[in-house]
Amino acid sequence: MLNKSLANILRTTKKHLSLLETLGVKNVKDFLMYFPRSYTDASEFTQIIDVRTDQINVIKGKLSNLFNMRTKTGVKITRGLFTDESGSIQVVWFNQPHLIKMLPRNKDIILSGKAKLSMGKISLQSPGYEIIKQYEEQIHTGRIVPVYHETEGLNSKWMREKLKPLVDEWIVLFDEYMPEEILKEHNLLDYKTAIKNIHFPESDEILDKAQERLAFDELFLLQLKVLQKKWLWRSAAEPFSKKIETKSEILKDCIKSIGFELTNAQKKVIKEILEDLKQPFPMSRLIQGDVGSGKTIVAAIAALNVVKNGFQVAIMAPTEILAKQHYQTFIKVLNRFGLNIQFIAGSTTKSQKDDIVMQMKTGTVDIIIGTHSLIQEGIGFKNLGLAIIDEQHRFGVKQREILKSYGSPHLLNMTATPIPRTLAITIYGDQDLSIIDEMPKGRQEILTKVVPETKRIEAYRWVEDQVNKGRQAFIICPLIDESDVLQVKSVLNEFAFLSEHIFPKLKLGLLHGKLKQEEKDKIMSDFKENKINLLVSTSVIEVGIDVPNATIMLIEGSERFGLSQLHQFRGRVGRGEHKSYCFLFTGTLSEEGNKRMKAMETYSSGFKLSEIDLELRGPGEVYGVRQSGIPDLKMASLTDSKTIEKARVSAQKIIEKDPLLKTYEKLAEKIAELQEIHVQD
Ligand code: ADP
Ligand code: MG
C-alpha cells in the first residue's frame, strides 16, 4: 500500500510529480521517508511590541487598512496595518497586488518575516502568511516548521502542504518492526510517532526523540546486516577443517631473517591473526595500517604459517605492479623455506596460466600471488587455507563471494585507507579489526607544501638539484576524468613537456595504465635501480610501490584527488634514509579544496586525514558509495559513536539469539531492502 504511486494520490501537476521523482520520491513511502533537512522554530509568537529587526518575527494578529499603491518607478506595493494585543505595526509587500484579495481582514492570521527600520518607523517587510482556518492545524508558521531540501520549482512550503495530509492519512500503515525489547532498552519512540514528528514535530523534545529513533534504526539495521554477514561467513563451512596451528619455530626463524625488528604493532597483529587461524571457523579480519606501516611482512608470516600446515595461500592485489612487488617480497622473505610461489596476472600467457592453474588445482603451488585473475573462471585450488586481499575496498562484495566459493578459506584483508573506527565497525563490522598504528623506526616526516604557480620553475630547479645529489622523484599527473584515453593523453603531454623543456638533462620515465605489462615492469625496475631519475605517472602508481631512494613526490592538480589518495601518493616517498618532500600543485581551489590542501600540509597521519576527508566530503565521496557499499544515511551520522555503539550491542544480541532472524521476520525484511539498495556490485 505504501508503495502506491503519488500520481494517484497527490492533487498536483505532472510537472510537480516529475520534479518529485528527481528527488527520488515516487510513492507514498518515499515521500514520507523524505525527511526535513532542518527546522525553523516558529512555535512561539512574537508580540508586536517585541518585534526586532535582527530576527524572524512570527506574529499572530489581525490585518486592517489594506491597500495597493504604485511607486513612481512602477513598483506595486501592498500596505496594511497588523495588530495584536500589544500594539500595531506597518506591513509591506512588493509586487504582490493579488494579496489584497487573498488576505482576510480582521481575522486571526499569522505573519512571519523580517522587520525593517526606515525613516524612523519599523515595518514588517514581505512577511510569509498563514491564514488560520478554524480548528485546522498550522503547518507553515506558529510551530516548529520543517524545511526540506528543495529543488527548482518545489519549495518547502509546497512540500509541507502536500505532506501534512499524507502523513495524517498514511502514517497508520508504518508498521513497527523494531523488537519491543530494543525499544524498551533504549527508551525509543515508536515508529509511527517518530515518522510523524520528524515531519511535523509537536515539540522540541519529541523532535529530539524522533531523530534519535530514526538515527538508531539506520545504524542498527546496517550493523545487523554486517553482523549477520559475519555469522554467515563463519558458519559457511561446517564442519570446518582448516584449523591452523602456529608453527612457532619456523615463524621465529623467518622473523629473525628479515633484517629488521618488527614493530610492536606488527607483532600484535601477527598474534591476532595466528589466534584467529586456530579457531574452528574461518577468519575474517581487516588489517588497517597507514602507508608504509609494514603490512606485507605481516601477510608473509601469516602465509608461511598456513603453508606449513599443509594449505595453500592466495594473495590478491588491485594492480599488476603491486602484485608483482608482493611476489618479489614474498620470494625474498620466504625463499629459505622451499615454497613454490607463483604469480598470475593479466599479462601471464595462456599456456603459462594453464600450467599454473593446473599446479594450483593439484596443490603443487603453495602461494599464488596475483590480480583479479585469481578470481576468474577456471581458477581452482586443492586446499586453499588463506586468502589475503590487499586494498580490499577495491574489490567488490561479489568478488569476496567468489573467494568463499574456493572452500571458505581464512580471509585477511589489508587496507592503507584508514577508516575511522566508528565507520569501520558500522560498514566493515563483518570483519574483526587489526590496526597497525605504529611506523617502523627511523621514518621521518615528509615535508609537504602547496606550491604556488609563481614558484613552479623554482621547484623544478630544486628537484633537479636533488636528482643531481642522487635522489629520485615522482611526478603525478592530475586525474582528468574517468576516461583512460584522456588520462594517457595528459600524461604523454606532460612527459614530453618536462623532457624537452624542463629536465632535458635528466632521464625521465613514463608510467600509465595503458602500457603493456612488460613495459610497466621494465620502467618500474629501471626506476628502482635508479636508471630513471624522474617517473612521470598517472595514479596507477598509487598503491604500495616501494622505492627507498625516491624522496620527492610532486603532484599536479592535487585538488582533484581525495585526501586519502594524496596521502597514498605521499607514502611513496620517505621510505629510505633521506629527507623526503611532497609538493602539491593545484588548480583553482574551492574553499573545501583549500582545507584539504592545508590538511595535507599539517597532518602526516592517514587516520587523521581520513577523518578530515570524511567531514569535508562525506563517506560516499571519500570511499566511493559503489565500491564500499556505504549507504547514504538520512538521519544518522557515521561519526556518532554513542548511537553506533548502542545499536551495535543491540544488533549483536539479536544475531547471537537468532542469526537468521527467523523469529524477527520484519527485521529480516528490512535488511533485505537495505541489501537491494546498497549492494550494487
Ligand atoms: P605497507 O603497509 O604500506 O604495505 P610495506 O609492507 O610495503 O608497507 O612496508 C614498507 C617498507 O617498510 C618496506 O620496505 C618494508 O620492508 C619496510 N618495513 C616493514 N616493516 C618494517 C620494520 N618493522 N622495520 C623497518 N622496516 C620495515
Ligand atoms: Mg602495501
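Only this structure's heavy atoms are used, side chains among them; waters, hydrogens and symmetry mates stay out. Atoms within a ligand are numbered from 1 in the order they appear, just like the ligands themselves.
Remark: ligand 1 and Pro440 share no N or O pair separated by less than 3.5 Å (distance only, no angle test). Of the N or O atoms in Phe260, none lie within a sub-3.5 Å distance of an N or O in ligand 1.
With Glu601 contributing its side chain and Val450 its backbone, the two residues share a donor-acceptor pair below 3.5 Å.
Residues Ser373 and Thr371 have side chains that bring a donor and an acceptor to within less than 3.5 angstrom of each other.
The atoms of ligand 1 that sit less than 4.0 Å from any heavy atom of Leu262 are 23 (N). Residue Glu261 has at least one heavy-atom neighbour below 4.0 Å for each of these atoms of ligand 1: 22 (C), 23 (N), 24 (N). For ligand 1 and Thr263, the ligand atoms under 4.0 Å from any heavy atom of the residue are 23 (N). Residue-ligand proximity, Val291 to ligand 1, at heavy-atom distances under 4.0 Å covers atoms 3 (O). Atoms of ligand 1 found under 4.0 Å from any heavy atom of Thr296, numbered from 1 in the order shown, are 4 (O), 5 (P), 6 (O), 7 (O).
The side chain of Arg575, and not its backbone, has at least one atom closer than 4.0 Å to an atom of ligand 1 (non-hydrogen atoms only; side chain from C-beta on). With a 4.0 Å cut-off on non-hydrogen atoms, Lys441 does not touch ligand 1 at all.
Heavy-atom neighbours of Glu445 CD from other residues, nucleotides or ligands within 6.0 Å: at or below the threshold of 12.
In this structure, Gly289 has no heavy atom closer than 4.0 Å to ligand 1. Residue contact check for ligand 1: Ala416 places no non-hydrogen atom closer than 4.0 Å to it.
Using bins of under 30°, 30° to 60° and over 60° for the plane-to-plane angle, the ring pair Trp462/Tyr581 lands in the perpendicular bin.
Between His567 and Phe561, the ring centre distance reaches or exceeds 6.0 Å.
For Thr349, the side chain to side chain donor-acceptor pair (under 3.5 Å) partners are Gln352, not counting sequence neighbours.
At a threshold of 4.0 Å, the pair Lys350-Asp354 counts as salt-bridged, since one of the basic side-chain nitrogens sits closer than that to a carboxylate oxygen.
Of the candidates Ile270, Leu412, Thr263, Ile388, Val298 forms a side chain to side chain contact (heavy atoms under 4.5 Å, CB included) with just one, namely Ile270.
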